[in-house]
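As structure tokens, the structure follows; a few thoughts come after it.
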Amino acid sequence: MDYSVNAYALLFKAISMIPNSHYALGLLFVVIVFFYNFLEFHFLEDLLSGFRGSPVTLTYNTCSEIYDGVVSKCRILHGRYIATPWLSSPHIQTTFLNFFGRPPIVNYRRQLFHASDGGTIALDWLMSTDVSEDGIYKNNSISKDDTTPIMVVIPGLTSDSASAYIKHLVFNTAKRGWNVVVGNHRGLGGISVTSDCFYNAGWTEDTRVVIDYLHREYAKAPLFAVGTSIGANILVKYLGEDGENVPVAGAVAICSPWDLLIGDRFISRRLVQKFYDRALTIGLQGYAKLHQPRYSRLADWEGIRKSRSIRDFDNYATCLVGKFETVDTYYRHCSSSSFVGNVSVPLLCISALDDPVCTREAIPWDECRANKNIVLATTQHGGHLAFFEGVTGSGLWWVRAAFEFLSILHCSPFTHKQKQDPGPLSLPGSLIDQGPYVNFTDGMVAAMGNELVTDDAVEDFSEVQKSHDRVTEEVVLDSKEGELPTGVTDCPLNIPQTSKQVAGVKGVKTFDVTNPIRRCLNQLSRQNKTSMWLLGYIAIISTWPLVGAALHFVFKKKLKSIFPAKFQKA
């Protein structure tokens, strides 16, 4: 017994002789290992592979002409995705995209499209001539005889044309000679909801009428569609609903949730996913606050305000507005996975297996393999809509992959041809009010003409932000020869104004008076502050262990000089 007591005494004495700095290093190591696994870092995996990345896995039907004639020629899809080394985590990639994203500067031209139910849809255009090499903004409308391909972009949940990943896509596409139009969801892009109809994860009607309109106005220009996240779900569902009778030549779906019911179970499963659930819920609540009068009348406003998850918001808002019996009914009805088999358009689907928002469990592998028109490309890493590549992380891999697929498809005989023309629209009145183009810069909307702007035409930015959710008044132009088709608003701008000023401005030439710092501050000020702090929290807990380790090695010599005795003992 005495030997046992002496042994324990010696053990405790030995433990007490270990320097505190060693305990600190041990604790730091445990924390780093914990966060490395918690945040799903793959830096060591990339390091051991020599940062060669992982190959892209392609799933397709063995009899697919789309694969043989198009995808087989895509160099990017047959290569490897190499993630940016310092963003070697799906959570870091996704957070970095939402906080920074490093988007190019984009100046849109805006169309205001009015649906038959009175709803307003903002269509933001970026022409290939707007990003030409000479850098001069050209106020050129699209001719009805123009054969330049048009890419229609459908954003994700609470995203619009100002989102970083959307800007990456539209800028790079326009830079390569295509025209791009972003179909913002109702109530987003600085436009108020003007009817009792809100968009949801399965609302395909807006996509349908916008694409039909573009097909009629620019019949000689092939239409291609790209959907991202919830926008990808809407796109695939639309393609499956209409089958061969769609005027889309080809499409790409990026990071689709596929099955909303599985996605709902996934996003509430683990602690890290609950962060995204909460952040997205805050974004939805911010969207609801912009349109509170209608939500208060059509839904349960108190329930919306107290929602703590996407499911809560859908229960108190989406189901009531969309008249779904239950949340699960809504999820089943709006999931695109059940429409995959009916897709008759060449479709490329890109997903990351480590997507922290849209789980790999929902990917319809067999359904995609059974459809000869679909090719599914999956990568081991990439996060949600991120896929940063290069040492600086300045580009998105999926943007290059999507355009390569569509450009090769455009030059091939495999583009989809609409089986039958649905005929003229039978909607009351004009779909789009006449007026000048409206440019959209960082969430600001204004209507302008072609002459130089004066100081009187510029309003204080804070006043513009206060009227962010008001409906923009439209300027009706006199009918002139060479004017845009009926319903198109055409006018480049860079300066935000109020509705009263817009109505009185004629002949304004575009120029940018907002410096990059102010533009960034304005954009951040419009975001939901709680959501920003929540994402900031995720970013901080994601990076501080690595920063701590780095600081320890950097200042190790200085610590030796300050505490020489401790380091000698160590």
Side-chain angles (χ1 to χ4, degrees), residues 52-82 149 151 222-228 232-259 262-263 335-355 358-382 387 397-419:
R52 295 180 61 247
S54 57
V56 181
T57 302
L58 299 175
T59 302
Y60 56 92
N61 190 292
T62 54
C63 301
S64 173
E65 292 182 342
I66 303 302
Y67 176 81
D68 294 336
V70 180
V71 177
S72 62
K73 301 176 182 178
C74 295
R75 180 183 55 83
I76 296 174
L77 291 177
H78 283 83
R80 307 169 73 91
Y81 167 62
I82 305 174
M151 176 186 287
L223 294 179
F224 297 88
V226 176
T228 57
N233 186 78
I234 294 173
L235 174 61
V236 175
K237 185 171 181 282
Y238 157 67
L239 296 177
E241 287 174 344
D242 290 13
E244 295 183 358
N245 192 31
V246 293
V248 176
V252 180
I254 309 295
C255 296
S256 174
W258 297 109
D259 191 313
I262 295 177
S335 295
S336 63
S337 56
S338 57
F339 294 88
V340 170
N342 297 328
V343 173
S344 301
V345 172
L347 173 65
L348 172 67
C349 304
I350 297 178
S351 294
L353 298 182
D354 65 354
D355 191 321
C358 300
T359 174
R360 61 192 293 177
E361 300 169 15
I363 298 176
W365 302 91
D366 292 339
E367 290 86 344
C368 289
R369 186 180 292 107
N371 192 324
K372 297 179 182 180
N373 299 301
I374 297 178
V375 174
L376 172 64
T378 55
T379 60
Q380 289 294 324
H381 308 296
F387 295 86
W397 175 86
W398 67 263
V399 170
R400 294 194 303 117
F403 182 79
E404 182 189 45
F405 168 78
L406 293 180
S407 60
I408 294 177
L409 175 64
H410 173 53
C411 299
S412 75
F414 302 104
T415 54
H416 173 74
K417 302 295 189 299
Q418 189 172 11
K419 188 173 183 180

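Starting from 1, each residue takes its place in the sequence as its number.
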Quiz item: Roughly how far, to the nearest 0.5 Å, is CH2 of W365 from OG of S351?
Solution: 7.5 Å

Quiz prompt | Pairwise distance CD1(I374) to NZ(K372) - rounded to 0.5 angstrom | solution = 13.5 Å

Quiz item: Which heavy atom in N373 sits nearest to a heavy atom in N371, and how many Å separate them?
Solution: N-OD1, 2.8 Å

Quiz item: Do you see a donor-acceptor pair shorter than 3.5 Å between the side chains of N233 and S336?
Solution: yes

Self-check item: P247 to Y238 - nearest heavy-atom pair and separation
Solution: CD-OH, 3.7 Å

Quiz item: Atom SG of C74 and atom CD1 of I408: how far apart are they, to the nearest 0.5 Å?
Solution: 4.0 Å

Quiz item: Can you find a heavy atom in the side chain of W398 that is under 4.5 Å from one in the side chain of C255?
Solution: no

Quiz item: Within a radius of less than 6.0 Å around CD of E65, do more than 12 heavy atoms belonging to other residues, nucleotides or ligands occur?
Solution: no

Quiz prompt | Worked verdict on F405 versus V70 for side chain to side chain contact (heavy atoms under 4.5 Å, CB included) | solution = CA-CA 7 Å; F405 168 78; V70 180; 3.8 Å; yes

Quiz item: Passes side chain to side chain contact (heavy atoms under 4.5 Å, CB included), I66 versus Y60? Steps please.
Solution: CA-CA 9 Å; I66 303 302; Y60 56 92; over 6 Å; no

Self-check item: Pairwise distance CG(L239) to CZ(F339) - rounded to 0.5 angstrom
Solution: 11.5 Å

Quiz item: Taking all atoms of both residues into account, what is the closest heavy-atom pair of V340 and P364, and its distance?
Solution: CG2-CG, 4.0 Å

Self-check item: V236 to A253 - nearest heavy-atom pair and separation
Solution: CG2-CB, 3.9 Å

Quiz prompt | Contact check, side chains of V71 and H78, non-hydrogen atoms, under 4.5 Å | solution = yes

Quiz item: With side chains defined as the heavy atoms from C-beta onward, is the minimum distance between L348 and L77 less than 4.5 Å?
Solution: yes

Quiz item: Going from CD1 on I82 to OG on S54, what distance comes out if it is rounded to the nearest 0.5 angstrom?
Solution: 9.0 Å

Quiz prompt | Which atom of R80 lies closest to which atom of G53, heavy atoms considered | solution = NH2-O, 2.9 Å

Practice problem: Flag yes if more than 12 heavy atoms outside R360 fall under 6.0 Å of its CZ atom; otherwise flag no. | Solution: no

Quiz item: Are Q418 and N245 side-chain neighbours, meaning at least one heavy-atom pair lies under 4.5 Å?
Solution: yes

Quiz prompt | Side-chain donor or acceptor of E404 paired with backbone N/O of R75 under 3.5 Å | solution = yes

Quiz item: If you measure from CG on L347 to NE2 on H416, what distance do you get to the nearest 0.5 Å?
Solution: 12.0 Å

Exercise. Measure the shortest side-chain to side-chain distance between V56 and W397 over non-hydrogen atoms and say whether it is less than 4.5 angstrom.
Key: yes

Practice problem: Step by step, work out the side chain to side chain contact (heavy atoms under 4.5 Å, CB included) result for V226 and L406. | Solution: CA-CA 10 Å; V226 176; L406 293 180; 3.9 Å; yes

Practice problem: Please report the closest heavy-atom contact between A251 and V345, naming both atoms and the distance. | Solution: N-CG1, 4.1 Å

